[in-house]
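Data block below; observations after.
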Amino acid sequence: MSSIAIVGAGPQLGLAIARTFGTHGYDVALVSRNPDKLVTTLTAEGITAAAFPADVLDRDALTQALKNAADHFDGIGVLEYSPADSLKSTTLTTPAHIEPSHIQHEIEFQLYGAIAATKAVLPAMREAGTGTLLYTTSARSITPQPPTANTDAAMAALRNWALNLHKELDGTGIQAAHIGIAATIGTPTFYGQPCATADQISPVHWELHTTKRDQAEQIFKG
């Protein structure tokens with residue numbers, strides 16, 4: 001199953017991950033709301049890619065998109081989950097002012113979407129005895145900041161679940177790992193974080209899939 005499904009694929013990190021795996025011969029399934037432009041870009045670079053539109057908040061559509069991708073590419077060997085929500089659709093709150101409604105959307109977006117995506121591909125990986133599951137968040141999942149308490153809590157929940165999944169899958173041939181990015185990608189610095197390009201970050205995903213399969217987590221610090 002030399003294929004990767006990138007959930008939440010966008011023009012920065014998602015595209016860079018697609019290039020990293022695609023240049024190593026992997027077929028690329030792009031799962032996001034509008035993946036067509038990325039497919040055009042990758043195809044022009046000689047990478048086999050296909051679009052499977054879905055919103056991570058629509059778990060039935062996400063599950064179907066991944067099943068369609070598996071049918072199209074004869075299986076999914078790698079799942080990468082890294083949707084990036086727009087700040088326009090997110091109400092950021094501090095710990096003292098947070099309400100359950102403030103965090104519900106972020107939990108749906110980060111944790112529940114990841115669980116749905118995983119359940120769509122994990123049975124086939126178990127049957128094959130191999131596979132890789134990668135979950136990418138900001139490093140604020142580890143070192144939260146008060147102004148972004150609700151998003152940070154949701155990312156921390158995803159990280160906790162991913163690390164626990166790594167433990168559960170130990171010895172099955174399936175790798176599950178979390179990538180925490182302690183840098184901003186192509187934007188001005190945020191809370192003193194260094195700036196980085198997506199192309200600098202994506203090799204971390206390749207390493208966790210290939211040479212560091214025993215590791216549950218990698219933190220990119222720029």
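Count residues from 1 along the sequence.
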Practice prompt. Without swapping roles, check the side chain of Arg59 against the backbone of Glu108 for a donor-acceptor pair under 3.5 Å.
Written response: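 No; judged by distance alone, with no hydrogens or angles, the pair does not exist.
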
Worksheet entry | Side-chain donor/acceptor of Asp27 to backbone N/O of Phe73, under 3.5 Å |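 No; zero donor-acceptor contacts below 3.5 Å.
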
Practice prompt. Look at the aromatic rings of Phe21 and His209 and report parallel, tilted or perpendicular, splitting at 30° and 60°.
Written response: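 Answer is tilted, since the angle falls between 30° and 60°.
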
Classify the side-chain pair [X]/[Y] by whether it contains a donor and acceptor separated by less than 3.5 Å.
X      : Y      : result
Thr210 : His24  : no
Gln64  : Asn68  : yes
Arg140 : Thr148 : yes
Thr93  : Glu99  : no

Worksheet entry | Verdict with supporting geometry, Leu13 and Ile6, side-chain contact (heavy atoms from CB on, under 4.5 Å) | CA-CA 10 Å; Leu13 183 59; Ile6 302 172; over 6 Å; no

Item to complete: Determine, stepwise, if the pair Gln215 / Glu207 fulfils side-chain contact (heavy atoms from CB on, under 4.5 Å).
Response: CA-CA 10 Å; Gln215 297 188 19; Glu207 290 171 358; over 6 Å; no

Worksheet item: Glu45 versus Thr41: any side-chain heavy-atom pair under 4.5 Å?
Response: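 A side-chain contact exists here, since the closest heavy-atom pair is under 4.5 Å.
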
Fill in: Nonpolar side-chain network containing Leu163, other nodes, edges under 4.5 Å
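Other cluster members: none.
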
Discussion item. Is it the case that over 12 heavy atoms from other parts of the model lie below 6.0 angstrom from the CG atom of Asp58?
Written reply: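 Result for CG/Asp58: enclosed.
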
Worksheet item: Pick from Thr118, Ile4, Val31: which one makes a side chain to side chain contact (heavy atoms under 4.5 Å, CB included) with Leu79?
Response: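 Among Thr118, Ile4, Val31, the one that satisfies the side chain to side chain contact (heavy atoms under 4.5 Å, CB included) with Leu79 is Thr118.
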
